[in-house]
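Given the structure is predicted, the values throughout are model-derived calculations rather than measurements. Basis for what follows: all heavy atoms, side chains included, without hydrogens, waters or symmetry-related copies. Counting begins at 1 with the first residue of the sequence.
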Amino acid sequence: MDQYEEGGMDPKMRRHLKKVMNTLFLGLFWMFFMTLFGFALGWAVPLQGGVDGFNIFFYLFAVVSFAALLRYYYKLWK
C-alpha cells in the first residue's frame, strides 16, 4: 500500500502548492482592487486638471498595501 494513497498527495507538495496558490490569489486580488479603485472609480487619474485627496489617498494606499503584500510574501516563502 502506498503511503500517500489515502491522502492522495505528498504533504510537502501539498504545502508548496498551497503557498503557490496563496501567492497567486493574493497577487491577483491586490491587482484587481488596485485596478478597480484606480481606473474604474477614477482615483488613479487626476481629473479636472489637478490632484485631489482621492488621488493622494489612492497612491498612498497602493504603496502601503503593496509593501504589506511583499512583506507577507517574504514571510510566507521564508
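Between Phe29 and Phe25, the ring planes are parallel. Angles under 30° get that label, and only those over 60° would be called perpendicular. Using a 30° and 60° split on the angle between ring planes, Trp43 and Phe54 fall in the parallel class, below 30°.
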Exercise. Which is it for Arg14 and Leu17 under the side-chain contact (heavy atoms from CB on, under 4.5 Å) test, yes or no, and what are the steps along the way?
Worked result: CA-CA 5 Å; Arg14 185 179 297 234; Leu17 185 60; 5.8 Å; no
Problem set entry | side-chain contact (heavy atoms from CB on, under 4.5 Å) between Asn55 and Asp52, worked out | CA-CA 6 Å; Asn55 300 122; Asp52 60 357; 2.4 Å; yes
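Under the 4.5 Å side-chain heavy-atom criterion for Ile, Leu, Val, Met, Phe, Trp and Tyr, Met31 and Val64 are members of distinct hydrophobic clusters. Tracing side-chain contacts under 4.5 Å through hydrophobic residues (I, L, V, M, F, W, Y), one reaches Leu26 starting from Phe32; they form part of the same cluster. Using a 4.5 Å cut-off between side-chain heavy atoms of Ile, Leu, Val, Met, Phe, Trp and Tyr, with links allowed through other members, Leu76 and Leu28 fall into the same hydrophobic cluster. Phe57 and Leu69 fall within the same hydrophobic cluster, defined by Ile, Leu, Val, Met, Phe, Trp and Tyr side-chain heavy atoms under 4.5 Å apart, directly or through other members. No continuous path of ILVMFWY side-chain contacts below 4.5 Å connects Met21 to Trp30, so the two sit in separate hydrophobic clusters.
When side chains are defined from C-beta on, Tyr72 does not count as touching Thr23, because their heavy atoms never get closer than 4.5 Å.
Among the candidates Phe61, Phe39, Phe66, the single residue satisfying the side-chain contact (heavy atoms from CB on, under 4.5 Å) test with Met34 is Phe61.
Atom NZ of Lys18 is surrounded by 12 or fewer heavy atoms from other residues, nucleotides or ligands within 6.0 Å.
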